[in-house]
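Working notes, beginning with the structure itself.
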Amino acid sequence: MFASTKTQEASEVPTLEGRQREIVLFNDDVNTFDWVIRSLIDICEHESEQAEQCALIVHTTGKCGVKNGTYDELEPKCSALLERGLSAEIH
């Protein structure tokens, strides 16, 4: 007996561009809580409470995922955070 194998159609395989990613914000000793919170509200469209919680998580653990989406959606937001002097990467 032979085991049958199924092949995936090319259209079913997610592309790297369409894959869900995350902006990770890192702690630093330069930016104030208020600046981080304002930046998350302005750039990542967080509500005030969400921005405050993310800022606290970054401060206590060293990093926090702050926005999910495709690379194309996140790249301009990550660049804007970097332009404001924050440390962020897309993962």
Side-chain angles (χ1 to χ4, degrees):
M1 291 183 107
F2 294 99
S4 67
T5 58
K6 292 184 179 181
T7 58
Q8 265 188 323
E9 296 292 324
S11 62
E12 294 177 14
V13 178
T15 62
L16 289 178
E17 295 82 25
R19 188 178 79 167
Q20 289 294 299
R21 311 287 293 265
E22 176 179 52
I23 295 176
V24 177
L25 184 65
F26 295 95
N27 191 33
D28 62 44
D29 295 328
V30 179
N31 294 290
T32 65
F33 272 94
D34 288 339
W35 182 246
V36 173
I37 291 166
R38 172 58 38 208
S39 297
L40 291 173
I41 291 169
D42 293 346
I43 296 167
C44 295
E45 302 162 358
H46 284 199
E47 295 295 325
S48 181
E49 286 184 22
Q50 182 183 14
E52 289 175 23
Q53 290 172 348
C54 287
L56 186 58
I57 291 169
V58 168
H59 178 70
T60 58
T61 67
K63 65 181 179 178
C64 179
V66 296
K67 189 74 174 175
N68 294 319
T70 65
Y71 183 86
D72 290 340
E73 293 167 340
L74 298 179
E75 195 280 328
K77 294 181 184 303
C78 188
S79 293
L81 292 170
L82 295 172
E83 288 173 8
R84 288 189 178 206
L86 302 176
S87 299
E89 295 176 356
I90 299 175
H91 287 215

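Remember, predicted model here, so these are calculated numbers, not experimental data.
When all heavy atoms are compared, the tightest approach of N68 to Q20 is C-OE1, 4.3 Å. When every heavy atom of K77 is checked against every heavy atom of I43, the shortest pair comes out as NZ-O, 3.3 Å. The shortest heavy-atom contact between C64 and I57 is CB-CG2, 3.7 Å. The minimum heavy-atom distance linking H91 with V24 is given by the pair CG-CG2, 3.9 Å.
Once rounded to the nearest 0.5 Å, the distance linking CD of E49 with SG of C54 reads 12.0 Å. One distance of note links OG of S87 with CG of L81; it measures 10.0 Å at 0.5 Å rounding. Atom CZ of R84 and atom OG of S39 lie 4.0 Å apart (nearest 0.5 Å). Atom CD of E52 and atom CG of D34 lie 9.0 Å apart (nearest 0.5 Å). Annotation: the span from E45 atom CD to Q50 atom CD amounts to 10.5 Å, rounded to 0.5 Å.
With sequence neighbours excluded, the residues satisfying side-chain contact (heavy atoms from CB on, under 4.5 Å) with V36 are L25, N31, L40, A55, L86. Here E75 pairs with Y71, S79, I90 under the side-chain contact (heavy atoms from CB on, under 4.5 Å) rule; sequence neighbours left out. Applying the ring-ring contact (aromatic ring centres under 6.0 Å, His included) test to F26 and every residue at least two apart in sequence or in another chain returns nothing.
The closest donor-acceptor contact from the side chain of H46 to the backbone of V66 lies under 3.5 Å.
Clustering ILVMFWY residues whenever any of their side-chain heavy atoms sit less than 4.5 angstrom apart, transitively, puts I37 in a cluster other than the one holding I23.
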